[in-house]
Undergrad: 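Questions regarding the structure given below will be posed in turn.
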Amino acid sequence: MSDRVEDNESLYDMDVYYNRFQLYLKNSNEYLVFSQWLDQNFSALLHDAEGKVPEGESFSALAIGCGSGSPDILMLNCLWKHGINKIHYSIVDPSSKLLDRFKEKTIDLSRDGDQLVYFDWNCERVEDYLGTSNGRKYHLITAINMIYYVKDRESVISHLYDKLADGGIMMIMLTAESSGLSHLWKRFHYLTVPTLSELGEYGSIDASDISNVLNSVEIKFKRHRLRCCIKFDEGLEYESEDGMALIEFLLDVKDFAQLDVSLRQEVYECLNSSQCTSNGDGHIDFNNDLDLFVIQ
């Protein structure tokens, strides 16, 4: 999951969304798993891209639909660890409130005099950005858990691929089709906040769809499975305030507690099914596996 939604205050309160995203992070190992993957693999991927940056120019990165920037901070630190110190980072997201959260995080970034990063903030949808952006090429392009909201995925992915610099890397991450979350979405997608679902048929998109898109436009990729889970335990029961808030976050549904009791029970039964969870010692591990597509 990621902190990414449209900036439509009348239908979805960004502050509420952000707080629920923080609750999700508290109970999920997603960013820990992603961080471990970056530590093990990112340097090797960067080798070719770094070598193609002309002397004296900045390493150019583009992050789309990045919300409050949690995964992008991870990648920025990886770039610095790799010795890439001069970076031009273009940030694109339609939510001004989430971008403000991202900006707050950049203020406290630790760096020394040799580490320079210029952030180019763009509060707009990726389709609009790609339609008006200049001919800049990027050594790194990331779409972390945001492709759900893109209507014409083939066009956007092809356009992003065309903007890769020689030796550049594009990374697309989203829910694996075998995950419990994908199963939950497909069964209860009709509960999703209407405007959000209209953006990209939200609830029916998973990694299999992106694999099909990449194959159809003949873009080669490597696919990596990230084993992630959300822990529901005695401190986070489904009917607790936090439990229902987390379910609302997972389903993008408002006022879950106001739904009919029988419908809520259907959701709980789905959460408890073998397709979604495994039982550990005193807790339930909800399968939130992700697939990461790496394109070079």
Side-chain angles (χ1 to χ4, degrees), residues 1-5 12-39 63 65-78 93 95 97-110 142 144-146 148 173-176 179-185 188 191-193 196 226-257 264 267-268 270-272 276-292:
M1 301 293 291
S2 178
D3 39 353
R4 74 284 176 275
V5 287
Y12 212 111
D13 187 305
M14 291 296 106
D15 292 326
V16 171
Y17 184 89
Y18 179 79
N19 290 335
R20 288 177 180 168
F21 177 67
Q22 298 307 305
L23 176 64
Y24 165 79
L25 290 184
K26 178 182 176 181
N27 294 281
S28 168
N29 65 349
E30 176 181 326
Y31 282 175
L32 173 62
V33 173
F34 184 47
S35 178
Q36 291 171 341
W37 188 91
L38 290 173
D39 287 341
C66 50
S68 61
S70 300
D72 303 284
I73 297 299
L74 290 176
M75 284 184 280
L76 179 58
N77 281 311
C78 283
D93 194 277
S95 171
K97 283 193 173 182
L98 293 181
L99 283 181
D100 286 342
R101 299 274 190 178
F102 194 160
K103 291 175 183 178
E104 290 173 5
K105 292 176 182 177
T106 65
I107 294 173
D108 297 326
L109 289 176
S110 60
T142 58
I144 305 299
N145 284 323
M146 62 72 58
Y148 314 100
M173 189 166 78
L174 75 165
T175 298
S179 71
L181 189 55
S182 179
H183 179 71
L184 189 70
W185 281 348
F188 297 104
L191 297 176
T192 300
V193 177
L196 299 180
L226 305 185
R227 300 290 183 184
C228 305
C229 70
I230 303 167
K231 291 189 181 296
F232 286 90
D233 54 28
E234 294 180 355
L236 188 68
E237 297 176 346
Y238 297 151
E239 285 282 354
S240 68
E241 182 178 350
D242 281 351
M244 286 193 283
L246 186 54
I247 291 171
E248 287 184 346
F249 176 82
L250 295 176
L251 283 174
D252 269 335
V253 61
K254 296 181 69 176
D255 302 321
F256 180 75
R264 293 206 310 272
V267 173
Y268 300 150
C270 184
L271 285 166
N272 284 328
C276 291
T277 65
S278 60
N279 293 316
D281 296 330
H283 60 260
I284 296 173
D285 289 343
F286 179 75
N287 181 332
N288 188 36
D289 287 351
L290 299 162
D291 276 358
L292 179 63

Undergrad: Taking it one step at a time, do S95 and Y17 satisfy side-chain contact (heavy atoms from CB on, under 4.5 Å)?
TA: CA-CA 11 Å; S95 171; Y17 184 89; over 6 Å; no
Undergrad: At their closest point, which heavy atom of G69 faces which heavy atom of K105, and how far apart are they?
TA: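 Heavy atoms only, the tightest pair is C-NZ, 4.4 Å.
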Undergrad: Identify the two heavy atoms, one from F286 and one from G180, that lie closest to each other, and give their separation to 0.1 Å.
TA: CZ-C, 3.6 Å
Undergrad: Using only atom types and a distance under 3.5 Å, with no angle test, would you say the side chain of Y148 pairs donor to acceptor with the backbone of T175?
TA: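 Such a contact is found between Y148 side chain and T175 backbone.
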Undergrad: Please round to the nearest 0.5 Å and tell me the distance separating atom CG of L250 and atom CZ of F188.
TA: 12.5 Å
Undergrad: Pair L271, I247 - check side-chain contact (heavy atoms from CB on, under 4.5 Å), show working.
TA: CA-CA 10 Å; L271 285 166; I247 291 171; 3.8 Å; yes
Undergrad: Which value, rounded to the nearest 0.5 Å, describes the distance between I144 atom CD1 and L292 atom CG?
TA: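 Those atoms lie 6.0 Å apart.
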Undergrad: If the plane angle is over 60° it's perpendicular, under 30° parallel, otherwise tilted; pick one for Y18 and F21.
TA: tilted
Undergrad: Look up atom CG in L226 and atom OG in S179, then write down how far apart they are to the nearest 0.5 Å.
TA: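 OG of S179 is found 12.0 Å from CG of L226.
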Undergrad: Would you indicate whether the side-chain heavy atoms of F102 and D72 approach each other to under 4.5 Å?
TA: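 Yes; the side chains approach each other to less than 4.5 Å.
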Undergrad: Does either side chain, that of Y24 or that of N288, offer a donor lying less than 3.5 Å from an acceptor on the other one?
TA: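 Side-chain D/A pair, Y24 to N288: present.
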Undergrad: Taking everything shown except E239 itself, do over 12 heavy atoms lie less than 6.0 Å from its CD?
TA: yes
Undergrad: How many angstroms lie between CG in N27 and SG in C229, if you round to the nearest 0.5 Å?
TA: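 If we round to the nearest 0.5 Å, N27:CG and C229:SG are 10.0 Å apart.
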Undergrad: Would you say N287's side chain and T277's backbone share a donor-acceptor pair under 3.5 angstrom?
TA: no
Undergrad: To check you understand the geometry: which heavy-atom pair defines the closest contact between A245 and R20, and what is its length?
TA: O-CD, 3.7 Å
Undergrad: Work out which heavy atom in G65 is nearest to a heavy atom in M146; give both atom names and the distance.
TA: O-CB, 3.7 Å
Undergrad: If the threshold is 4.0 Å, N to carboxylate O, is there a salt bridge linking R101 and D15?
TA: yes
Undergrad: Can you measure from CH2 (W37) to CG (L74) and round to the nearest 0.5 angstrom?
TA: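 If I round to the nearest 0.5 Å, the distance is 12.5 Å.
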Undergrad: Determine the minimum heavy-atom distance between S182 and A176, stating which atoms define it.
TA: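 Heavy atoms only, the tightest pair is CB-O, 3.5 Å.
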Undergrad: Would you mind reporting whether N145 and L290 have side-chain heavy atoms less than 4.5 Å apart?
TA: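 Sidechains of N145 and L290: in contact.
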Undergrad: How many angstroms lie between CG in D93 and CG in L98, if you round to the nearest 0.5 Å?
TA: 6.0 Å
Undergrad: Tell me the closest heavy-atom pair linking N29 and R227, and the distance in Å.
TA: ND2-O, 4.0 Å
Undergrad: Does the E248 side chain pair with the main chain of D255, one donor and one acceptor, at a distance under 3.5 Å?
TA: yes
